[in-house]
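So the structure is just underneath, and the comments pick up after that.
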Amino acid sequence: MAIPNIPERLRRMPLSYDPQRKKFIHFDEIVSGKERIVPLRTLARADLKRLIIERARHDPTPVQQSISGPPLSREQVVAAIENDEPFGRAKVEAEASYLDELLEQIREGLASR
Amino acid sequence: MQIGKLKFKSHAAKKPIAISPTGKFVKTSELSDTPSLAVGSLHALGEDDKVRLAVARYKLEPNFKLALVGAGLMSRDEIIEHMQKRTDFGQLAVNVEMDYCNQLAATLASGAVPKWPIIPKGPLPLPPHWKVVKKCVTVSVPNTALFCENTTDGVTKSFAQYRIKKVHPVFAARGFKVVALTGTDDTRAKFVPIAKGAGTVYLSGIGHGSADRYTGHGNIPILQVGHYDAAEVKGKATHFLSCQTALQLGPDAVKQGSLAYAGYDVNFTFVWDNSSTPIDEVRLFMESDSTFDIAMANGATAKLAYELTYKAFTAAMALVPGTAAAAWLKYDRDHLRLLGKSATTIAPSRKLKICFPFSATAEASLAMAGVAVSE
């Protein structure tokens, strides 16, 4: 399996987090072998939330929205996560679930190199 | 006695069969030898000659009794008396003799012996000029796909426009009757009579929702748990692009008789298009969700439609790796729920048998008139 091609503009968004070193881990670091993937399931809730907030801060997506909710800018998304609002909780769930799958694809891609 | 090809009894052979232009009786044997004597109809004779010929024929007949239904028996002499007195019966008997003599003369002249008919053992085929009138006919009637599209809300409008342009035409092309409630018509008052219609098989749309309701224009409920008639959903497949309806409304609809219900058990979340990227992100959400509708329109089972929709979301995620769009596509994909019977399918039309209200009397009258009445 090929490593997913993460666009350049998205590579500032971390994919994982090492709680011992308090370090966000990025795509380029993983692919270059400089950093190893820390599985998200091993992270405490607070650390997971920290990772998702960091991703949201660097996310170029202008507006996110639920059908039955208001449109949210990047700053509002970050605030929703920080304040544990319903949208923020959904954002953490969505990001964590997706990152799990993405990291697995990257791991498989690296293994097949 | 053989005359021509016919065998006559002796007294019958002696009977005159016609009257010559000179007024003389013509015997059967004479007519057989000279067919030209048969030219012309005995009905052209004068009444006196007709009576004279008929009486002469009857006098050569051995005495017999003629049975007349409703009038009793009549002897040969009594019949002759009626002929001579020219009573109604007498005139009838004379004309019968003239008819028969005409027929006999024609047969002798043709030289052909009429044969007994062969009675067919099976039913005779209908003569081609008979018109078959079917008692019952089967017609194909289109089924209805009812869409409640919220086009008056800033969030749902673009999704509704996409669906109207990309989803509704697929149903129409397949033969469904498409009814789209849009604008200020996206209301429960408009929804109910169409949803209850016998031919409505599919309900769908984009609108705001929550666990127990799907709403239309003005966020006013179209379907709300505890506030709708089971007939509105019974026997139908439903898919709403809305928030949370799979939590309570979907299970309730299935309980009320809906065959299948596809919806989301969380807030359906998406990202608007990022103009700095080559891909229209919001369109990925529209295309992924509408895969369910299009698959159903094309005859897929609800299970297959669900699986195709899952794959569509997955394919969309791969187009925008690492983005918030991908994360939300996965979130929506993983929270799409299919409830009810997974084997549910919808058909663009149904067969309707229409039987005409013929009574037994009417049928008999038609049969007598030569019109075949059959199923």
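Below, read A as the first sequence line, B as the second, and so on, with proteins coming before strands; counting in each chain starts at 1.
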Pick whichever of Pro4(A), Ala90(A), Ala56(A), Pro7(A) has the most heavy-atom pairs under 4.5 Å with chain B. Ala90(A)
Any salt bridge linking Arg50(A) with Glu54(A)? Criterion: basic side-chain nitrogen under 4.0 Å from a carboxylate oxygen. no
Option that, when pairs with chain B are counted at under 4.5 Å, heavy atom only, ranks first among Gln64(A), Glu101(A), Glu95(A), Gln65(A): Gln65(A)
Nearest 0.5 Å please: distance from the NZ atom of Lys34(A) over to the CD atom of Glu29(A). 5.5 Å
Closer than 4.0 angstrom, basic N to acidic O: yes or no for Glu104(A) and Arg41(A)? no
Report the distance from atom CG of Leu40(A) to atom CG of Leu99(A), rounding to the nearest 0.5 Å. 5.5 Å
Let's test your reading of the structure: which of Gln105(A), Lys91(A), Arg11(A), Met13(A) forms the most heavy-atom pairs below 4.5 Å with chain B? Lys91(A)
Please identify, among Gly69(A), Pro70(A), Ser68(A), Pro86(A), the residue contributing the most non-hydrogen atom pairs under 4.5 Å to chain B. Ser68(A)
My understanding is that only one of Glu149(B), His239(B), Arg163(B) makes a side chain to side chain donor-acceptor pair (under 3.5 Å) with Ser204(B); could you say which? Arg163(B)
Portion of Ser242(B) that has a non-hydrogen atom of chain A nearer than 4.5 angstrom: backbone
Most chain A-contacting option - heavy-atom pairs closer than 4.5 Å, from Asn267(B), Val155(B), Ile206(B), Asp334(B): Val155(B)
From the list Phe292(B), Phe240(B), Phe171(B), Tyr261(B), ring pair (Phe, Tyr, Trp, His ring centres under 6.0 Å) with Tyr202(B) holds only for Phe171(B)
Using heavy-atom distances under 4.5 Å, tell me whether Val320(B) contacts chain A through its side chain, its backbone, both, or neither. backbone
Could you have a look at Leu10(A), Ile6(A), Asn5(A) and say which one has the most heavy-atom pairs with chain B under 4.5 angstrom? Leu10(A)
Going through the checks in order, is the side chain to side chain contact (heavy atoms under 4.5 Å, CB included) test met by Thr269(B) and Tyr264(B)? CA-CA 10 Å; Thr269(B) 306; Tyr264(B) 300 90; over 6 Å; no
Interface check, chain A: of Thr215(B), Thr156(B), Thr277(B), most non-hydrogen pairs under 4.5 Å belong to Thr277(B)
